[in-house]
Number of protein chains: 2
Amino acid sequence: MTRFSFTLHATDGKARTGTIRMKRGEIRTPAFMPVGTAATVKAMKPEAVRATGADIILGNTYHLMLRPGAERVARLGGLHRFMNWPRPILTDSGGYQVMSLSDLRKITEEGVTFASHLDGSRHLLTPERSMEIQRLLGSDIVMAFDECPRADRPRDEIARSMEMSMRWARRSRDGFDSGGQHAADAALFGIQQGALDEELRRHSAEALTDIGFDGYAIGGLAVGEGQEAMFATLDFAPQQLPVDRPRYLMGVGKPDDLVGAVERGVDMFDCVLPSRSGRNGQGFTWAGPVNLRNARHAEDTGPLDPRCTCATCGTYSRAYLHHLHKSGEILGAVLLTEHNLAFYQQLMQAMREAIAAGTFAAFAARFRADYRKG
Amino acid sequence: MTRFSFTLHATDGKARTGTIRMKRGEIRTPAFMPVGTAATVKAMKPEAVRATGADIILGNTYHLMLRPGAERVARLGGLHRFMNWPRPILTDSGGYQVMSLSDLRKITEEGVTFASHLDGSRHLLTPERSMEIQRLLGSDIVMAFDECPRADRPRDEIARSMEMSMRWARRSRDGFDSGGQHAADAALFGIQQGALDEELRRHSAEALTDIGFDGYAIGGLAVGEGQEAMFATLDFAPQQLPVDRPRYLMGVGKPDDLVGAVERGVDMFDCVLPSRSGRNGQGFTWAGPVNLRNARHAEDTGPLDPRCTCATCGTYSRAYLHHLHKSGEILGAVLLTEHNLAFYQQLMQAMREAIAAGTFAAFAARFRADYRKG
């Protein structure tokens with residue numbers, strides 16, 4: 001079995017469709033990866049996640065290192081066995097979540113010292129330790145450890161941060177490569193930084209390409225800059241990365257974000273939005289997001305989305321989903337999360353088919369005509 | 001199709017096994033009915049409830065009349081269609097939960113005036129309105145409307161309450177019988193009261209038998225009197241009821257309660273315990289209840305119960321269930337509820353088989369030897 005390969009099947013404008021092959025399975029691109037923060041895609045059994053069409057899920061190094069702990073997961077046979085997901089898992093490096101979730105952060109060249117949001121315990125996360133944690137978890141796609149500054153910081157601060165992230169990328173590469181059998185089985189992705197600046201992004205892409213990675217992520221977006229600025233950056237950033245490697249836009253996004261990013265050459269995505277929205281009563285449809293708590297759904301016997309092929313839409317009425325969410329019932333979170341993840345996968349499948357057919361521009365135009373942003 | 005029949009297949013001591021046949025399906029007795037309070041067995045898809053072995057579930061009139069409302073459920077096609085459970089549903093009368101959950105109760109001969117715990121709105125529940133609500137829901141087994149006093153009230157108060165409940169049983173019978181097609185499809189059960197008093201229980205049983213019901217419930221137990229007092233009452237109460245009709249002990253109970261009650265001639269049960277415990281981290285096993293939040297499970301790779309045939313025990317470790325419950329993950333509630341309901345159904349199936357084989361006494365002795373109460 002091949003450790004990691006990426007085959008492009010078709011391109012349509014900048015949009016691409018292909019297949020990543022790894023030992024634990026294939027990943028059809030453009031791919032959406034549901035987020036399994038704490039060794040569970042929230043409210044979903046793993047077989048239900050797979051039934052939505054997901055080829056790969058994401059696990060969070062920050063959460064897992066704190067609870068249950070990377071060494072413990074390793075003793076229990078690794079993350080795949082622990083959570084009963086036999087297919088590929090991508091783990092983030094912990095860098096972004098340490099910045100956004102933990103207390104008392106101190107960043108030095110060595111790494112980040114922080115206090116756990118769970119119990120205040122102090123931890124040091126470095127490129128080397130991040131690689132070790134992701135190896136202990138048994139990750140299939142390991143992410144380099146980086147710093148992710150806010151996009152609105154001064155340019156010189158963004159530049160210094162990006163340059164440190166590139167030094168950390170080198171240390172991540174070395175740490176990953178020293179991982180023995182895991183390095184022979186898994187893949188390592190570098191992360192481009194540089195915020196909204198084309199020149200910094202180019203420097204970052206060149207630094208990463210010099211090191212060499214299996215795939216390249218676009219980091220530092222979806223951090224509050226807005227869709228217009230994000231798309232402006234995606235007008236150049238993906239093309240700065242190697243054409244023969246998958247490009248992964250981290251933490252994105254809304255359905256219309258995904259369409260615009262695929263249009264600009266992105267191959268992979270992850271986001272908590274479909275699962276978090278599912279718990280909060282927001283359902284995604286081809287006509288736009290729907291708030292199922294709204295009283296207008298109380299006697300609506302129709303499905304959430306008549307075009308959706310998921311079990312929720314095939315079985316339950318908007319009236320029932322409304323009732324469950326108004327009542328705070330766990331089943332409401334379960335059914336709507338399942339729908340949202342299935343909707344996202346149907347959207348990805350539709351994009352893959354449109355790219356293969358050379359009709360992506362028409363698909364995107366039709367999508368935007370039908371989809372009313374929430 | 002027969003509206004309602006009860007066939008006894010075997011008796012063993014006082015224990016009985018049989019089959020109730022109704023238009024929507026068969027109910028194997030002794031039967032445990034999972035509670036679907038608000039049109040959902042909490043945290044469970046209906047197909048998963050069925051997969052545990054449940055033949056029938058219970059719906060709560062009090063909750064459903066307040067949200068989404070009985071008339072609304074009727075407009076949406078009835079409770080079965082609303083929640084996607086095509087098999088029999090038993091609905092309680094609302095009497096017990098009005099007493100225990102609502103505010104500002106006033107009880108008169110006519111019925112109970114109360115304020116909703118959701119929004120303070122005022123409602124009147126009478127035997128006639130309870131029958132109407134259960135008809136609007138489309139219930140298969142309708143329960144007579146009764147008052148359920150605490151077992152520790154003075155005997156004359158228990159007696160007066162029981163006598164009023166018997167007058168309400170007559171009005172329930174008349175209200176049910178005026179329900180047109182629903183009365184031709186569904187069944188009506190009376191509810192014996194009289195707390196722990198053998199003579200009052202006999203008077204109640206005689207009054208109900210004079211009216212005539214499809215089945216008879218034993219009400220007013222499992223309200224804090226303790227297992228010893230409950231078993232002492234069950235030493236006589238079931239035998240006061242017609243031998244050719246199912247006997248239903250309402251709101252019971254723990255696994256050892258079920259074994260002791262079947263031993264004393266009870267055929268049907270309902271209880272929130274397996275589902276509520278599943279949400280709170282308590283799992284039932286043949287060795288007794290297990291608190292999965294306990295740190296001793298953190299690295300236990302074994303299943304919750306090695307004898308259990310449910311998907312949770314076949315797939316996940318105690319360590320994973322521990323992690324999910326420590327982390328407050330919805331999947332923890334889903335997996336443990338599924339196990340607990342499956343365990344309860346396996347217990348009922350084991351009792352049915354032991355009765356049919358004439359080995360119930362040995363089964364009960366073995367159960368008690370293995371089962372350490374929590």
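All values below come from the heavy atoms of this structure, side chains included, with hydrogens, waters and symmetry mates left out. To find a chain, count down the sequence lines: A is the first, B the second, and so on, and within it residues start at 1.
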Could you grab the distance from atom [atom1] of [X] to atom [atom2] of [Y], nearest 0.5 Å is fine?
X      : Y      : atom1 : atom2 : value
A/L331 : B/T337 : CG    : OG1   : 11.5 Å
A/L66  : B/S327 : CG    : OG    : 10.5 Å
A/N84  : B/T315 : CG    : OG1   : 5.5 Å
B/E329 : A/M83  : CD    : CE    : 9.5 Å
A/K45  : B/K45  : NZ    : NZ    : 8.5 Å
A/R75  : B/E299 : CZ    : CD    : 4.0 Å

Residue B/A311 versus chain A: region with a heavy atom under 4.5 Å: neither

Could you check whether atom [atom1] of [X] has more than 12 heavy atoms from other residues, nucleotides or ligands sitting under 6.0 Å from it?
X      : atom1 : value
A/K42  : NZ    : yes
A/R81  : CZ    : no
B/R276 : CZ    : no
A/Y316 : OH    : yes
A/R72  : CZ    : yes
A/Y62  : OH    : yes

Heavy-atom distances under 4.5 Å only: say whether [X] touches chain B with side chain, backbone, both or neither.
X      : result
A/L118 : neither
A/A43  : both
A/R279 : side chain

Contact winner vs chain B - A/T37, A/T301, A/L76, heavy-atom pairs under 4.5 Å: A/L76

Among the listed options A/A319, A/A333, A/G332, the residue most often paired with chain B at heavy-atom distances under 4.5 Å: A/A319

Sidechain-backbone polar pair: B/Y320 side chain, A/A39 backbone, donor-acceptor under 3.5 Å: yes

Parallel, tilted or perpendicular: rings of B/F82 and A/H323 (30°, 60°): tilted

